[in-house]
Each structure stands twice: as structure tokens, then as C-alpha cells.
Amino acid sequence: MLCSSKMIYQSLAEMGKYELFMVISLMDIIVNGWRFDGGGGYGLVDGLRMDYYYLMNCPFAEGIVKNTVNRHLQADRTLAAALVRMHFHDCFVEGCDASVLIDSTKGNTAEKDSPANLSLRGYEIIDDVKEELEKQCPGVVSCADILAMAARDAVFFAGGPVYDIPKGRKDGTRSKIEDTINLPPPTLNSSELIKLFGRHGFTAQEMVALSGAHTLGVARCSSFKNRLSNFDSTHDVDPSLDAQFAKILTKRCSEKSEQPFDTTKDTFDNDYYNALQRKSGVLFSDQTLYNNPRTRGIVDAYAFNQAMFFLDFQQAMIKMGLLDVKEGSKGEVRSNCRIIN
């Protein structure tokens, strides 16, 4: 039976924010198709498939990842931010191939020992997932897929959007400290960020959406202390920083403690963008998104409309998970995520 427009709008008005978001997402999918492959979500994407592990006779792979991730996050909610950050640091160096998980050896210093990666956490979660999967489906599920799925599940656990990703990534066989030069430092301005993300195929809007991952987690003093003294030739303190918030950051550094990116550090929401509007972005690279007219409107839109941020974030994350993936003979499935086979 067809519903009238009045009935549809009345039903939408009675829904909660999450249900309304899911309806909007579903309508978008119906109209446009899954944007990363345009084929209903089950077609090939650079050799990846949504149903990859069903075809590989490992149908419980996703359930094992989710259950293990949830168990760890229930014990320590701060690890949600860690998993999302680890996935980003993996994909921006050599593509999404789990190279960030590889341990250094006597003859090679790996990515994880780069100064940019020393604060990464959550490796034990990936290890636990891998150990269980090797019992169930030995040699089938890659560490790269585990990391991508773990980040996705961490976002949802923290209250963010639910989304699916294509699977079938292979693990890379290269991990070198010098490659981490491709990671964006916290001192970049908005124009530099647009250029850097653009080299990976992202639009300015997708860059701002991905930056919203900073709604989770904390920053160390070393990442923002440059804003607090001797900022430039004419300003001691970064002028884009709220004066009271600058005092808070200074206190954090004196206490050698960490500063949350927003007021809800373990909850995935749009408060990060509200902080930027208040001139309370922790990193220079955060606040610059509001300083630049090219990205300020996007920040305002996400601060006003969390559902819009969620939708754009999930699509940008799916796209990021496809960066330079290894498939077929270009990679391997490690039996231990820390060691190349």
C-alpha cells in the first residue's frame, strides 16, 4: 500500500535522530547506489567484495572481529580512537596493507617505530582477532582487512555511524620508517591539508569529514605546544586560539598530561566541529579548518547537522579504505600481523 507524503513526513518527525539518519542513508543508497562502486555494494572494487569472506568459506570473520573489538573497548573505551587512528596511519603510508603492524627487525626499522607512530595503541586487539581467525579460517583473513573492520566497528561502538566495507585486501611486505613522511603533521594549514589529501584523491569536504575522527581521543602536548609560545614573528600565542583555551592547553603541558580533542572524547559525535567554532581546536591543523573560508562552511554544516557529518564520514572512510590496496599476487595473508611471511 502506498503512503501519502503527509504520512511519510509524519513518520519521519516521530523518529529519533539515529533512525532518521538511517532512513536518509538508505534513500541515498537507493537513489545513487553505493558510491564507492555504484553496483549495489556487492560488485568488485579493485578486486574487493562486500561478501568476500562468505565466498572464502569464512562467514564468521566479521563477527569475530566485532566481538573481539567490542570486548576490548568495553574494558577501555579510549581504544576506539586508537583503532581509527591506526587505520588512518596505515592507509596513508603504502596504502591499506597493514604495514603499520609490522615489527622492526635488526635490518629494518618499521613504520611503527617512526616518531609519528610511537603513540599508536591497540596492537593487542589486532593480535587477538588474528589469533582467533587463524583458528577458524587459517590463512584466509588478512591483517589489512582486520584493521579496516576494527576501525569501522570502533566508530560504531563509540556512537558513530554504522557502515560496511568491501573486503579482500592483502597484506603488504614493506614497512619502512622513511615512508611515514607521508603522514600529515599537526602543523599543516588548511590549504596544505587540501593539497596533501588531494594527492590521495580526496576532496576538501572529504578531508574535513575525515578530520572529524578527532571527535575521539586526546592529543599530547608535543602536538600543540608550538601554538603556545613563539608562534610566529608577530604573535607569541597562536591568534586563532581562544585565550582561555590557550591557558588550558598551557596547563596541560605543565602537568605533562593530554588534552581531549573535544568535550566528549570517547563518544563519536560532531562536538569536534563545535570546538572549532569556539576557537578551541587543539591542533593547529584542526583550527585551520575554521580559519580558511574554503573549509569554514563545511565545518559549520557539520557542527549544525550531525547526520550530514555521519553520512559524509562513513563514505570518506570507505574511500580511504580503498587506498592503494594490495590484491591477488601483490600481497599476502600474514599468519602473524607483526611479521612478514
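Checking Tyr52 against Asp145 by side-chain atom types alone, no donor-acceptor pair falls below 3.5 Å. The closest side-chain donor-acceptor pair between Thr288 and Asn189, if any, does not fall under 3.5 angstrom. In this structure, a donor-acceptor pair under 3.5 Å is present between the side chains of Thr263 and Asp271.
The number of heavy atoms from other shown groups lying within 6.0 Å of CD1 (Ile181) does not exceed 12.
Each salt bridge (charged side-chain N to carboxylate O under 4.0 Å, His left out) pair with one or both residues in residues 58-83, not counting sequence neighbours, appears once here: Glu62-Arg152, Glu62-Lys167, Asp76-Arg121. Residue pairs meeting the ring-ring contact (aromatic ring centres under 6.0 Å, His included) criterion with at least one member in residues 312-341, sequence neighbours excluded, are Phe268-Phe313, Phe309-Phe313.
Not counting sequence neighbours, Glu131 has no partner by the salt bridge (Lys or Arg N to Asp or Glu O under 4.0 Å) test. His235 pairs by the ring-ring contact (aromatic ring centres under 6.0 Å, His included) definition with nothing, not counting sequence neighbours. With sequence neighbours excluded, no residue forms a side chain to side chain donor-acceptor pair (under 3.5 Å) with Asp171.
Note on Arg338 versus Asp127: salt bridge recorded, some NZ/NE/NH1/NH2 to OD/OE distance being below 4.0 Å. A salt bridge is defined here as a Lys NZ or Arg NE, NH1 or NH2 lying under 4.0 Å from an Asp or Glu carboxylate O, and Lys170 with Glu332 fails to meet this definition.
Here Leu283 is tied into one hydrophobic group with Phe224, Leu228, Val237, Leu241, Phe245, Ile248, Leu249, Phe261, Val282, each link being a pair of ILVMFWY side chains closer than 4.5 Å.
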